[in-house]
Each structure stands twice: as structure tokens, then as C-alpha cells.
Undergrad: 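Below is one structure. I have some questions about it.
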Amino acid sequence: MERYNFKSIEEKWQKYWEDKDTFVTKLDKSKKKFYCLEMFPYPSGKIHMGHVRNYTIGDVLSRYKKLKGFNVLHPMGWDAFGMPAENAARDNNLRPKDWTNSNIKNMKNQLKKLGLSIDWNREISTCSEDYYKHQQTFFLELLEKKLVYRKENYVNWDPVDETVLANEQVIDGKGWRSGAVVERKKLSQWFFNISKFSQDLLDGLEKLDAWPNKVKVMQKNWIGKSFGCEIDFKIEGDLPVNNIKCFTTRPDTLFGFSFLAVSVDHEISKYFKNDIAFEKFKDDCSKTGTTEEAIAVGDKIGFRTNLMAINPIKPDEKVPVYFANFVLMDYGFGAVFGCPAHDQRDFDFAKKYNLNIKTVVRPFDKDKSFKVENEAYSGPGVIINSEFLDGLEAPNNSVIETIKILEKKKLGKKQINYRLKDWGVSRQRYWGCPIPIMYDEKGTPYPIPKSMLPVKLPDNINLNVNGNPLSVKKDWKEITIEGKKYVRETDTLDTFVCSSWYYLRFCSPNKKEYGFDKEDVDYWMPVDQYIGGVEHAILHLLYSRFFMRAINHENSDFNIKEPFESLFTQGMVCHETYKDNKNNWLSPEEIEKVGDNVVKKSNKKEIIKVGPSESMSKSKKNVVDPEFIMKNYGADSVRLFILSDSPPEKDVQWSEQGMVSSYKFIQKLWTLHKEIVIKIKNEKEEKIEHELRKFTNEMIAKITNNVEKFNYNVIVANMYETYNYLINYIKTNSDIKNLEQDYKKILICFSPVIPHFTSECLDDLNSYNSQLNWPSYDQTLLNEKEVNFVVQINGKKRALLSIKKDIEEKDLLLIIK
RNA sequence: GCCCUCGUGGUGAAAUUGGUAGACACAAAGGACUUAAAAUCCUUGCCCUUUUGGGAGUGCCAGUUCGAGUCUGGCCGAGGGCACCA
């Protein structure tokens, strides 16, 4: 028996699909569309197993939808701007453009070898002028709509990458890429007014039924809506400060007020500029620890001013004003009113500085004598010691009632606060989309006229400079328009801007005049299925949702708010980790299993420590190269294996044995195929073969259901089941009727997972063509007349009967008795 | 600390959503073929019983139901997210 030659067969079909434009998509309003999009990759040089998994999942869905008769848009592109290119180019004396383009070429080749059903005619790259010139237009449009603004403020400065980071890019006080401790620096930056849409972004989540709950919860928390009250406190003291505004969610505890605390960056800090003690305090604040957690549990420290704050509902009560390390400048007003009895932070602070702790809420099961002693009480209860607020139920009623009273007395007003802050998009980097802005001699910014777009990135650049190479490139930076001299903005846009609208570009990848064509977008958008890693749950997905709204804003003939109708977040690909006795990481190729031990391949002696299975990463060397695997086992085997074992949303464990068994399975399927072909040739008369017909029908139903529900691991099990059934069936039935028809249906069901193999088999039966349809199944055949009926008495199985399904109840009872 | 998700064999996991728990695969043990190995194929997988059978069993404890892996409440454990957000 000839072996299945995956190499020549996979090449044959990949060439066929390319030559015949099988996956080239055109707008066709007579057909229902399906837009399947996977998160596009960063062109780092080679694809990794994570890509293989992500794109295989998307490909199964795309191929299935195509067979179901949908007009499928399944594009691919490159998230091609970003720092690695700049660093690699500098280290290897290349241009970032060349490094990126050669990586793209290589990765495109690798993706093609996976046999993905991608319309490569729509390929886009965010670093090409064709792409970023439209992005610059969007930037200017957003500027016109006042959704972009410039402001000077403190930024997260990464001293290693020498750039600004968004809040989301700071993890545990360190840069997400470099790992360097982030510093505070004051800079002028461009901002997208994402916070304008806080409420809308929150409301939109409600309608995203086909998004994982986890992601919605993360976005909800990130937006961080809180309902409360703005209170204006009168201030007394020897400084020209008359009042300080605070935001609070618990105005009902105002009678427990015992101090007021402001951030060290609060505007009143200007009066303390020459105060040495204050400057020292400020220093101490920045030293309280590096990780967020350390700060959270760290000491509460304060600096007492001579100012006193007056309790607005008890004007004879005055409390001290402090600067405190735990008050954040960029939330609320950078000032809080302290009620130690009912807020743990305030409690800790009050204990430290011996401030008054006055109980104003009692739990339901305690009486009026209840007193907060060892920790703050922030639970529900009843208001006490609060004059006209006494007896209100806290917090729900009491908060609303208190706000009403404060509003009536003009002491405060209802306010809703969001944690979500505006998106700083300026990056002090070369390899990004230039911001289309110029400044006159006074430093006033002007938009670059749209007719002069794109602002091209200069090709020849010296990367061996500190900071942004663009800022020292004079011949690019300085321009003259109508005799007037300007300097260009040298910051480039955060690469997350590029990925915030690429899904629109795929609809009209070749449109010259604008980023997209309305007719295309009306037809293709929204993305019906978006697939990618959960690590983008907040950043990329929130920014994309913002961008769609920003384009919609003040645009009456455009009406799509949510770019991604459904979202699927796939799990990571994991592998065991290995360390030698010097604690060096070893790659899977460097080890060998001997009996119960794992040893070093090079000397076969040294015992290797096997660590837990973790997400594949270069630093831990637990990576398996897809190119190597595809070369050895073929694309179909890899696709099959990456889908088997674990549900797509969970992490999958890479195993060599599993991979080999998938490969063997393809070989076994091929042997089976050849036997079936012989049987088919010997087939004489057309006659319905009932048992096989029933099996096929059931299997089609199962696989259809499993594709729809993303149970791709179960599809693989279904494929094994089918093989086990057929191999046995062929052995025990010498004269098989009607086999060809059923077998073809089965091949089509397998085709989303192993497309090269099934195409070859169908071709072998002279049945491969572009008009193939997903087989339907007969629901009535599923409800077969004979069913297994389990007789249970008190939940225990007592008998197993094979009975007719439409039997009368009384007859059934008779049989049982 | 707050929020979310999940607990099924040695392992990854199935279970048409309340109806025969463990499909399918990996690993293991035993066997067949072979001079031998590899490959391939078959069998086994908790407890009692020689077999036929029977029993327990989906983290733990209760509850609802003729019937619970699935629903409800409480507890225990694991993973993830957020974290001085007033």
C-alpha cells in the first residue's frame, strides 16, 4: 500500500487553491456574508504555535461557513510597526522597513504552508504608506471632532525603551516590554478622548451577547464606573485656598469626617514648593515600593498642612488637611474626604496620625452603641450618630438621600466617575505612524494639510541616537509651507492605533482615497467572528470599540458601533519546561526520555528537572517550531493535533506523542480511503444501506453541532470515531451498497480540519470541485424508531430495553412489569 | 482585599444541556506477531465475585427531583483578572 505523501499532496492543493483564486472574495449582495477575522500577527520573523492554533481555529470556521454557502471574508495582515523592528535594525545595521518586510515574506510563506483559506489579495501591512496615510486622515478627522487633544501631564516613562507607556502598558510598575521600572516624567502628549465614550462603551457591553463574559467583566472593571457625589469643602488657613473639591461614593458617612487628604500633585501643592519638609515627604512617597501590590498594602503616610477643612453639614466642625501618598491625582479631584470608621484606608491613616474615628453606620445585627474599633466597617447597615440622616439604610438608601439633601443645600451634587482615562497615543519612537502635525515658531500646533498626506517616514535614519531618531533628523523635521517655517511633530502613534481600525481596511484594502469604502463596510461589517488571545481583552479590544465610535461620531450615515459581533478567545499552547543541574533552561530537542528519567541528549547521563507545563516562550526554551513540525508531519497533521485534546478556549499541552499519533491517524485514514475506493469500484447496485446511512447522518449532525459551538476537540474525536466505525464496517460487510455517497459526505465534514487530505480523497473519487456543500442531515432519521430505553427504579439501572420510540405509555409499563 | 472562572480515571478530556458517567486520545500493564527490537493489532483499567453478576463513584456536606457531573445553598481547593479608584 502506498503511503500518504503529505508533502507533494499539500503542495499540490495549496498551488491549486492559489491558481484558481479559491479563497478570493468579492462583494456579492446576493449572498449572505460571513466575516471571520483572527488577530493579525506582529511580524517577528517566524510563526509560533500560538499562531498555528489561532489561525487553524479561524480556518476551520471559515471553511465550514464557505461550505455552508456564505460569502466568506477571511483576510490576513501584519501589525508591522513597533519597537522590535527598530531594535533589531539597530543591532544588525539594517533598516526597520527591510527587517519587517523580510519577516513578513517569511511568515507569509509559513502561513501558506498551513493551508489557510485566506484571501491574500487583501493582505495589508500597517507600516506601508497605503495604510498609514489613511490613519493620518483619521487622526485629523478626530482632531476636527475634538476627540484628539494635546496636553502636558505626567506620563509613564520607560527609561530603557525611552518612550511613554499607556497606563495599560505598565504592569506592576514596570514597562510591559522592557520590564524596566517606570518613571514619572512631564511631557506634552497627544490624547484620544476615549473617556468621552465611557458610558457608551459600558452600555455597549450589554449587547455583546457573543463575547466571553470574562472579557466583558474585565472591560467593565477597567471602565470602572462609580456613582457618588461631588462635595466642595470650605478651607480655612493662612494660604489663599478657599475650597477643595472631593469625590465620594459615601456622602452618607459625612458625619464621620475626620480629615481631608489630597494628592501631592494637587494644585494646592504649589504653595509648598519651597517647603523642604514637604519635598522630602514627596520623595518618600515615590519610594514606598515598586510593585502595585506593595503600594496597596504599604504604609499610609501623610504630611499635615496648617489648613483646616469645614464639614459642610456641621460648620462648627473643622478637621485637618493632609497630603497623603494614597490619594491619586488622576482620579476624581485628587482629593478625598476621610471617614476612618467606614473605609479601611482612612482607618489605617487615622490610627497612624491619631485622628478621630467616629462610627456612623451600624451593622443590622448591632445596636446604636456599636463602635468601630479594630478595623473599618464598610458593610451594609443603618446610619447612626448623624443627626438628620439617622435611621437610613446604608448604603443604598442613605447615599441617595444624602445626595438629595446636599443638592438642596447646594453643598454638593450627584456625580458619576469613571476610572477610564484618556488614551495617550504619542510615542517617542521612529518606527510608527507619524503624527500629521506641525508647529510654528511659537510652538503652536497645526494639522498638516490633508492634501500633503501621507507624512512619510524617512527611510534613511540614524538609529544610534538616544531617544527618538526623528527628533534629530533635521532635513525631515523642518518644513516650509507658503514661505512659513514649521517643525514636524516627531512623535509617532502608539501601534495600538494601527490595530484599532485594520478590520475596516480589510473590507476595502485597495481603496486609494480613504481608509475604507462605505459600500464595502456596509456589506462586510461587523466582523462576525473575531478570534484571538485573551491578553488583548482590554487594550486592543477597548481601543477598537472606541475607534468605531469615534468614526461614527458626528457621522450620520455611518451606523456601526461594535466592530466585533462575537469574540472567541483561544487558550495558549503550553509545553513542559526543562532545566539542567546548573539551572539552565533546555529546549525539548536537548532532552531525551530514558525509562522514568529525563536526561540530557548530549551525554545521556545528566538528569534533567522537568518543570510544569507553561505557555511556550523563548526565554524558557520550551518552544516547538511549527516549520519543523510541518516539514516532518505535514500541515494537516499539525492542524489535527493542535485542535485535539483540549477545547480551543483552554490551554493545550503540546506533546510529541500526540503529534505523532495525529500523523499516524492521517496515514491510517489514507489506508482506509484506498480500501473504500476499491469497495466503491466493486459496488453493483444502488440500494440504501440503512445502518451506514444512520451512522453518517448522526455523525453529520454531531460534527455540524460541534463546529457551530467551537467544540473543535470533539470534532477530532468524532473523526476518530468515524474511522473506528468505518474500518470495522468494511471488514464485516463484504458487499456494501451506497458507500460512495456517504463517504463523500464524511470527507466534506472532515475537510475544515484536514483540507489537503480530503481534497485529495475527493479528487480520487472525481468529486472535488469548488461547488461542494456542507452535507445536511435528516432530523427524522436521528429520532430513530428503535431506541435504548433504560429502566430505572430509584435511580438504579434495572433493565435495558430496545423499544419503539412512539410506543404508548401503558404498553411500555406492561413490558417493564 | 475585591471580581470572574473552574473542580470528572495515571493524563488531556467527552456527556445531544436533568436521563446508561468516563466517548475520543495520550500514558501504563498484559498478550499476539517476530530470533529480537521497532512497527502493528488485541485485552485490561475502582471494590466484591472464578464467571454470570453486584456495589461504590464526577472536590466535600446538605437540598430539589422518579432520576443530579448537570439545578439550589453552604464549605474546601485551584486558576485568572483588578488592586490605595475615594
Side-chain angles (χ1 to χ4, degrees), chain A residues 171-172 212-226 228-229 231 246-251 253 260-263 288-289 291-300 324-339 342-346 348-349 375 378 417-421 534-535 537-538 571 574 593 596 613 640-641 644-647 649-662 664-665 668 671 698 701-702 705-706 709 711 713-724 782-783 788-800:
Chain A
I171 297 151
D172 288 342
N213 199 41
K214 177 173 62 172
V215 174
K216 288 192 278 187
V217 169
M218 280 162 77
Q219 291 211 353
K220 194 178 166 194
N221 292 342
W222 192 262
I223 296 166
K225 180 180 183 175
S226 48
C229 180
I231 301 174
C246 292
F247 171 74
T248 177
T249 54
R250 292 301 300 272
T253 60
L260 193 147
V262 301
S263 157
T288 37
T291 69
E292 303 261 3
E293 200 191 344
I295 297 164
V297 293
D299 255 2
K300 313 276 176 279
N325 64 338
F326 63 88
V327 183
L328 304 171
M329 191 55 225
D330 50 7
Y331 185 79
F333 300 99
V336 299
F337 101 80
C339 173
H342 305 290
D343 180 293
Q344 192 56 43
R345 252 176 347 207
D346 297 349
D348 296 344
F349 192 79
E375 56 173 7
S378 53
N417 238 326
Y418 300 90
R419 223 178 63 117
L420 183 65
K421 286 161 205 114
V534 73
E535 66 272 20
I538 298 170
C574 298
K593 282 182 185 163
D596 288 341
S613 184
L640 186 72
F641 175 67
S644 62
D645 283 1
S646 295
E649 70 273 16
K650 285 176 83 175
D651 288 354
V652 67
Q653 164 86 32
W654 182 271
S655 91
E656 187 71 17
Q657 291 98 326
M659 184 58 242
V660 170
S661 89
S662 293
K664 284 180 184 164
F665 180 61
K668 278 155 69 176
T671 312
E698 258 169 37
K702 274 189 195 174
N705 185 41
N706 286 328
K709 289 185 177 161
N711 298 332
N713 56 324
V714 189
I715 296 176
V716 176
N718 292 150
M719 290 167 71
Y720 276 97
E721 258 180 87
T722 307
Y723 170 82
N724 291 343
L782 283 183
N783 307 327
N788 285 336
F789 189 89
V790 181
V791 181
Q792 291 185 24
I793 296 165
N794 291 333
K796 301 276 181 283
K797 190 173 94 177
R798 291 295 174 220
L800 187 65

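Just so it is clear, the model here is predicted, and its values are computed rather than measured.
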Undergrad: Have a look at A:D346 and say if it touches a base, only the backbone sugar-phosphate, or nothing, with a 4.0 Å heavy-atom cut-off.
TA: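 Nothing: the residue A:D346, judged by heavy atoms under 4.0 Å, touches no strand.
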Undergrad: Can you find a heavy atom in the side chain of A:K225 that is under 4.5 Å from one in the side chain of A:K220?
TA: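 They are not in contact (no side-chain heavy atoms under 4.5 Å apart), so the answer is no.
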Undergrad: Please pick, from B:A14, B:C85, B:A25, the nucleotide with the shortest atom-to-atom distance to any side-chain atom of A:N713.
TA: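 Taking heavy atoms from C-beta onward, the closest nucleotide is B:A14.
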Undergrad: What is the distance, rounded to the nearest whole Å, between atom CD of A:E649 and atom C1' of B:G81?
TA: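 Those two atoms, CD and C1', are 18 Å apart.
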Undergrad: Taking the C1' atom of each, how far is B:G45 from B:U40, in whole Å?
TA: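 The same atom, C1', in both gives a distance of 22 Å.
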Undergrad: Can you tell me the distance, in whole Å, between the CG atom of A:D343 and the P atom of B:C85?
TA: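 So the CG-P distance, A:D343 to B:C85, works out to 7 Å.
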Undergrad: Contact class for A:K664 (heavy atom, under 4.0 Å): base, sugar-phosphate, or nothing?
TA: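 Sugar-phosphate: the residue A:K664, judged by heavy atoms under 4.0 Å, touches backbone atoms but no base.
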Undergrad: Return yes if a side-chain donor-acceptor contact under 3.5 Å exists between A:S226 and A:Y331, otherwise no.
TA: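 Note: A:S226 and A:Y331 side chains meet the donor-acceptor criterion.
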Undergrad: Nearest of B:A86, B:C82, B:A25 to any side-chain atom of A:R345?
TA: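 Output: B:A86.
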Undergrad: Hunt down the Watson-Crick or G-U wobble partner of B:U52, both distances under 3.5 Å, from any strand shown, or write none.
TA: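 Answer to the pairing question: none, since B:U52 forms no Watson-Crick or G-U pair.
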Undergrad: Please determine, for the side chain of A:N325, which listed nucleotide (B:A25, B:C84, B:A86) has the closest atom?
TA: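 Taking heavy atoms from C-beta onward, the closest nucleotide is B:C84.
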Undergrad: Please determine whether a side-chain nitrogen or oxygen atom of A:N706 lies at a distance below 4.0 Å from atom OP1 or OP2 of B:U16.
TA: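 For A:N706, the contact criterion (side-chain N or O under 4.0 Å from OP1 or OP2 of B:U16) is not met.
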Undergrad: On RNA chain B, compare the nucleotides closest to A:Q653 and A:Q657; which residue's is nearer the 5' end?
TA: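 Of the two residues, A:Q653 wins.
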Undergrad: With the side chain of A:F247 defined as its heavy atoms from C-beta on, choose the nearest nucleotide among B:C24, B:A86, B:U5.
TA: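 The answer is B:A86, which lies nearest to the side chain.
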Undergrad: Identify which nucleotide among B:A23, B:G81, B:C26 has an atom closest to any side-chain atom of A:S661, counting heavy atoms from C-beta outward.
TA: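 Out of B:A23, B:G81, B:C26, the nucleotide with an atom closest to A:S661's side chain is B:C26.
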Undergrad: Please determine, for the side chain of A:W222, which listed nucleotide (B:A86, B:A83, B:A25) has the closest atom?
TA: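 Selected nucleotide: B:A83.
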Undergrad: What are the two closest heavy atoms between A:I538 and A:Q219, and how far apart are they?
TA: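 Of all heavy-atom pairs spanning A:I538 and A:Q219, the closest is O-NE2, 4.1 Å.
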Undergrad: Is there a Watson-Crick or G-U wobble partner for B:G1 with both distances under 3.5 Å, and if so, which one is it?
TA: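 Matched B:G1 with B:C82 under the 3.5 Å cut-off.
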Undergrad: Is there a donor and acceptor pair, one atom on the side chain of A:K220 and one on the base of B:C3, closer than 3.5 Å?
TA: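 Answer is no: no donor-acceptor pair is held.
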Undergrad: Paired with B:C26: which nucleotide, if any, by Watson-Crick or G-U wobble criteria at under 3.5 Å for both distances?
TA: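 Matched B:C26 with B:G10 under the 3.5 Å cut-off.
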Undergrad: Would you please confirm or rule out a distance under 4.0 Å between OP1 or OP2 of B:A86 and any side-chain N or O of A:S226?
TA: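 Answer yes for this pair, as a side-chain N or O of A:S226 is under 4.0 Å from OP1 or OP2.
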Undergrad: Which atom names give the shortest non-hydrogen contact between A:M719 and A:F665, and what distance separates them?
TA: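 So the minimum-distance heavy-atom pair works out to O-CZ, 3.6 Å.
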Undergrad: Between A:D645 and A:Q653, is there a side-chain heavy-atom distance shorter than 4.5 Å?
TA: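 Contact flag for A:Q653/A:D645 side chains = no.
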Undergrad: Say we look at B:G73 and B:G19: how far apart would their C1' atoms be, to the nearest angstrom?
TA: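 That atom pair is separated by 24 Å.
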Undergrad: Taking the side chain of A:A717 as heavy atoms from C-beta outward, which of B:C3, B:A86, B:A23 is closest to it?
TA: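 Side chain of A:A717 sits closest to B:A23.
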Undergrad: Choosing from B:A23, B:C85, B:G12, which nucleotide comes nearest the side chain of A:S646?
TA: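 Taking heavy atoms from C-beta onward, the closest nucleotide is B:G12.
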Undergrad: Identify, with sequence neighbours excluded, every residue that meets side chain to side chain contact (heavy atoms under 4.5 Å, CB included) alongside A:R250.
TA: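 Here the qualifying residues are A:T248, A:D252, A:T253, A:V361, A:A394, A:P395, A:V399.
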Undergrad: Could you give the distance separating B:A56 and B:A21 at their C1' atoms, to the nearest angstrom?
TA: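 To the nearest whole Å, 13 Å.
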Undergrad: Do A:N713 and A:S646 have side chains that approach each other closer than 4.5 Å (heavy atoms only, starting at C-beta)?
TA: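 Answer no - side chains too far apart.
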Undergrad: Can you tell me how far P in B:U16 sits from the matching atom in B:G10, rounded to whole Å?
TA: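 Between the two P atoms, the distance is 24 Å.
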Undergrad: Less than 4.0 angstrom between a side-chain N/O of A:Y331 and OP1 or OP2 of B:A86, yes or no?
TA: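 Answer yes for this pair, as a side-chain N or O of A:Y331 is under 4.0 Å from OP1 or OP2.
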Undergrad: Using atom C1' in both nucleotides, what's the gap between B:A15 and B:G69 to the nearest angstrom?
TA: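 My reading of the C1' atoms in B:A15 and B:G69 gives 9 Å.
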Undergrad: What integer number of Å spans the P atoms of B:A23 and B:A78?
TA: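 Their P atoms lie roughly 29 Å apart.
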Undergrad: Quick one: are A:F641 and A:S661 in side-chain contact, heavy atoms under 4.5 Å?
TA: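 Not in contact.
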Undergrad: According to the Watson-Crick and G-U wobble definitions, with both distances under 3.5 Å, which nucleotide is paired to B:U40?
TA: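 B:U40 is paired, partner B:A32.
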Undergrad: Using the P atom as the point on both nucleotides, what is the distance between B:A38 and B:A27, in whole Å?
TA: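 Going atom to atom, P in each nucleotide, I get 14 Å.
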Undergrad: Can you check the distance between B:A13 and B:C6, where both ends of the measurement are the P atom (answer in whole Å)?
TA: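 It comes out at 14 Å once rounded to the nearest Å.
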Undergrad: Measure from CD on A:E698 to P on B:A14 and round the result to the nearest Å.
TA: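 Roughly 20 Å, once rounded to whole Å.
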Undergrad: If you check the A:N213 side chain, which of B:A86, B:U40, B:U5 turns out closest?
TA: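 That would be B:U5.
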Undergrad: Could you tell me how far apart A:E656 (CD) and B:C26 (P) are, to the nearest whole angstrom?
TA: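 Atom-to-atom, A:E656 to B:C26, this comes out as 14 Å.
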Undergrad: From the options B:A25, B:A86, B:C82, select the nucleotide whose nearest atom is closest to the side chain of A:R419.
TA: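 Out of B:A25, B:A86, B:C82, the nucleotide with an atom closest to A:R419's side chain is B:C82.
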Undergrad: Quick check on RNA chain B: between A:L328 and A:K214, whose nearest nucleotide comes earlier from the 5' end?
TA: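 Counting from the 5' end, the first nearest nucleotide belongs to A:K214.
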Undergrad: Separation of A:N711 atom CG from B:A14 atom P, in whole Å?
TA: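 Value for this atom pair: 7 Å.
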Undergrad: Report which part of the nucleic acid A:T248 touches: base, sugar-phosphate, or nothing (heavy-atom distance under 4.0 Å, all strands).
TA: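 Contact class for A:T248: sugar-phosphate only.
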Undergrad: How many whole angstroms separate atom CE of A:M218 from atom P of B:C3?
TA: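 Taking CE of A:M218 and P of B:C3, I get 17 Å after rounding.
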